[in-house]
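Okay, so here's the structure we're looking at.
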Amino acid sequence: MKKPTKQTITWRRITENRLFFPIVALTLILLFDFIFIPGFFAIENREGNLHGSLIDIFRNGSTVMILAIGMTLVIATGGVDLSVGATMAIAASVAGILMNPSALKNEVFFVTDPNYTFQPLWLVIIAALAISLICGLWNGVLVAYMRIQPMVATLILMISGRGIAQLITNGLRVQITYKPYAFIGQGWVILPFSLYLVAIVFAITWFITRKTAIGMFIESVGINFRSSYFSGIDEKKIKLLVYTFCGFCAGIAGLVASSNIKTSDANNIGLTTELDAILAVVIGGTSMAGGRFSLLASMVGALVMQAITQSMYAIGVPAFALQAIKAVVVIFVILLYSDQVKGFVRKISAPKKEV
Amino acid sequence: MSEVDQNILSMEGISKTFPGVQALDDVSLSLKKGEILCLVGENGAGKSTLMKVLTGVDKPDSGRIILDGKEIQTKSPQHAQSLGISTVYQEVNLCTNLTVAENILLGREPQKMRRIDWTKMNALASDTLKRLLGVDIDVTKSLGSYTVAIQQMVAIARALYIESAKILILDEPTSSLDVNETEQLFKVMRKLKNEGVGIIFITHFIGQIYEISDRITVLRNGKLVGTYETSAITRVGLISKMIGRSLAEFDEMTKIKLESSKHIRSEALLQAKEFGLTGAIQPFNLDLHAGEVVGLAGLLGSGRTETASILFGSDKADTGSISMNGSVVQDYSPLSSIKRGVALCPEDRKAAGIVDDLSVRENIILAIQASKGWFKYLSLPEQYEIAEKYIKLLSIATPSADQPVKNLSGGNQQKVILARWLAINPQILILDEPTRGIDVGTKAEIQKLVLSFAEDGKACVFISSELEEVLRTSHRIVVLREREKVAEFSGEVDENTIIQAIAGSEA
Ligand SMILES: Nc1ncnc2c1ncn2[C@@H]1O[C@H](COP(=O)(O)OP(=O)(O)OP(=O)(O)O)[C@@H](O)[C@H]1O
Ligand SMILES: [Mg+2]
């Protein structure tokens, strides 16, 4: 019996690895930057902290990376969460109002003391995350127990969420001047602090999904929920878990984003980031129909999204044109993952057969 | 020359490799006009792959396909269809959320004033089903609401509807059909044969091969064993060609069964009292004893599958109760059943059985893991140990335990599902068509396995549309008719008694 040659197998292993396409895409973008943007790769050492465009990609990408972690699990079950951007805004509003409650007195009150906060930081963070957890739970209940289609179910919070955020801050933008809070998004410990957050969330999620049965159950439910049900998997609980977790991730992302811009701006925080997060996951190769997922590939996907944005800004593409360019990238990625193109790549990459 | 001219189809020297598997190795096949050719071989022999190469689903690595004297290269199933090759695939690939009529006529809907003429379409579909296959159902209901057997009939009707077909390929169409439906299908096949259509028919039922075919092509391990005139080869000879050894197991079975019936205990593991579900199955009483195999016999739609699913709890009964080990069961759901030690290997392999992107290993351990919960994760070595054990026990043909289960042949997927349920080591094992699509050799193995399973003080409910099989394995046979339990036989019964009970003609 003839076995296929070793060479084809290893080549296939590489091209069929989940990380292959996202890494190729990221490399291409960075190559572009290397050629067209002088000093893009320069890394500067300021008082022991590293700065530079490359570091900025990571730092600015951290919100999308955190969102993408939760989103990966949701998409793996065959769902989607459109409300993460709105949840970010809610979390930011809660945090803002707890540090600077002036808005409740209907006045924009500029606290100038960087050491002033109404409530201690730990309470601020816990409250914001708790609210976002509840947002996620709400989505989970709608999807898992009310059997509402994920897109519709999460659309409810997507639309109403910003209103809720406005209500919390009495319709005003809350200035956040408390210094320690700014550290979340702007702090630096050799690398940007937000990157450590990404790493922690990633590590915990990876552990929970790959060192317990949860990851396999998520995939199983996403691939065939009837078979999963017959095998005794509690599909509803799994769904509740992933939506709740996704909301939690959005809460963390909301803290990072508001800390970055020093305001809790209910109208703009997290605006359209749900799409970036979804795209990051799709670029990472997780099918929107659910099934197999890779957290690491989603992280690379998030970096691809951020690298595109940053490169376009660097070469002077105006913000409005950026959306169009992202759209082109999306089309390109979706084409890459289509079966036809995959087959084509396989064909041209396979070594010629001896006749 | 004239010899060649008779062939409407010949495939020459076809080879096909998948990563780690040589599915076909230099296989040739020919089909004459108005001939029924049976394609046979063990699970994973390459039968489906050969047909997929012919219809353009899979591209061959080498080899030629000659249709009507012209070399062709099929690019896609649509292309094959336009060349006159009509196919019913092993895995029914219809849309379960569309209606039956839409499924039959999809892409060739009758039109009126450039719109789909729904009335005509429904009439046409209903007529096709009734006239050709004798199936009388409401074609405006969604396909998913019908059983696997009906879905299979719909798939066949769809293939038959193509009027210009020169070649008809049927990949295990009878695996979920009962005697009457099979007979109906054979009638249609004979009619098409007389009209000059060449038919390639894949089946694991030896009886059917002899009933319908002109010639037989045998594959083993991706290689061609040979092609034989049906009249010129004995059953024993054919089986040994297929599995490479002779098969004595079936004769042993009677002895094994007799032996195992001594182990039946009088205590009931499970007692169902006036248990039923409106519209699915009339309330019935049933005791399952330790050490016993209970067969459920009945026609399509007689309520066998429904009985199985309310016993397991995937459908909830609305009358009566079940007690296990003396206490009444309160909570009906697959998970609680599994925890109580009740397992159901469901009939619909594709929709309710396999999780196709997961590996063989993950599919096998899925139910054990579900009963252990989220956090008591089986370690990888434990997972491999369980998987390897069942791969060996059921001789599952797969390059490794990490192969996605969707890449396995149909019969091997079935074995994986069976392994999933054997692996939880249940007290009560309900098997709904467990040997569907499984080859002769392995079928005997599974029947023996069921008996030895019962011998350990457990009980098994065995459902099969193949009556012989039910007779061979069951200590007691329950007959269902029109969603009602109508009779029960224990000890030695002859086939005719059961057939009469099934048909309801004893009166
Ligand atoms: N897409 C695929 N990828 C990898 N291996 C495959 C693929 N399709 C089929 N195979 C392998 O090719 C071999 C032949 O499979 P095939 O489906 O043709 O068997 P079969 O004779 O139809 O068996 P059965 O009676 O169980 O239906 C099997 O070992 C199977 O695992
Ligand atoms: Mg097959």
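Below, all heavy atoms of this structure are taken into account, side chains as well, without hydrogens, waters or symmetry copies. In what follows, chains carry the letters A, B, and so on, assigned in the order in which the sequence lines appear, proteins first and then strands, with residues in each chain numbered from 1. Just so we're clear, the structure is a prediction, and the values are computed from it rather than from any experiment.
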### Top contributor to chain B contacts, counting heavy-atom pairs under 4.5 Å, from A:Ser228, A:Gly232, A:Gly222
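Option with the top pair count is A:Gly232.
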### Message
Can you tell me which of A:Ile214, A:Asp234, A:Thr212, A:Ile233 forms the most heavy-atom pairs within a distance under 4.5 Å of chain B?
### Response
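Of A:Ile214, A:Asp234, A:Thr212, A:Ile233, A:Thr212 has the most heavy-atom pairs under 4.5 Å with chain B.
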### Query
Side-chain contact, heavy-atom cut-off 4.5 Å: A:Ile238 with B:Trp374?
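Yes; the side chains approach each other to less than 4.5 Å.
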### Any side-chain heavy-atom pair of B:Leu366 and A:Met216 under 4.5 Å
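Touching, per the 4.5 Å side-chain cut-off.
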### Query
Which bit of B:Ser314 is near chain A, if near means a heavy-atom gap under 4.5 Å: side chain, backbone, both or neither?
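Both the backbone and the side chain of B:Ser314 come within 4.5 Å of chain A.
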### Query
So what's closer than 4.5 Å to chain A heavy atoms on B:Leu358: side chain, backbone, both or neither?
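Contact with chain A is through both the backbone and side chain of B:Leu358.
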Spatial distance of atom [atom1] ([X]) from atom [atom2] ([Y]) [nearest 0.5 Å]:
X: A:Ser231; Y: B:Ile354; atom1: OG; atom2: CD1; value: 11.5 Å
X: B:Ser309; Y: A:Phe230; atom1: OG; atom2: CZ; value: 6.5 Å
X: B:Ile417; Y: A:Ser227; atom1: CD1; atom2: OG; value: 6.5 Å

Does [atom1] in [X] sit with more than 12 non-hydrogen atoms of other residues, nucleotides or ligands closer than 6.0 Å?
X: A:Phe207; atom1: CZ; result: no
X: B:Lys316; atom1: NZ; result: yes
X: B:Gln73; atom1: CD; result: no
X: B:Phe312; atom1: CZ; result: yes
X: B:Glu382; atom1: CD; result: yes

### Nearest heavy-atom neighbours spanning A:Ala213 and B:Gly373
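Distance-wise, the nearest heavy atoms are CB-O, 4.1 Å.
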### Nearest heavy atoms of A:Arg226 and B:Ala351, plus distance in Å
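The answer is CB-O, 3.3 Å.
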### Query
Is it the side chain or the backbone of A:Lys237 that comes within 4.5 Å of chain B heavy atoms, both, or neither?
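Both parts, heavy atoms under 4.5 Å.
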### Query
Non-hydrogen atoms of chain B under 4.5 Å away: do they reach the side chain of A:Phe217, the backbone, both or neither?
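The side chain, not the backbone.
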### Query
Taking the side chain from A:Asn224 and the backbone from B:Lys350, do they hold a donor-acceptor pair closer than 3.5 Å?
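At least one qualifying donor-acceptor pair exists.
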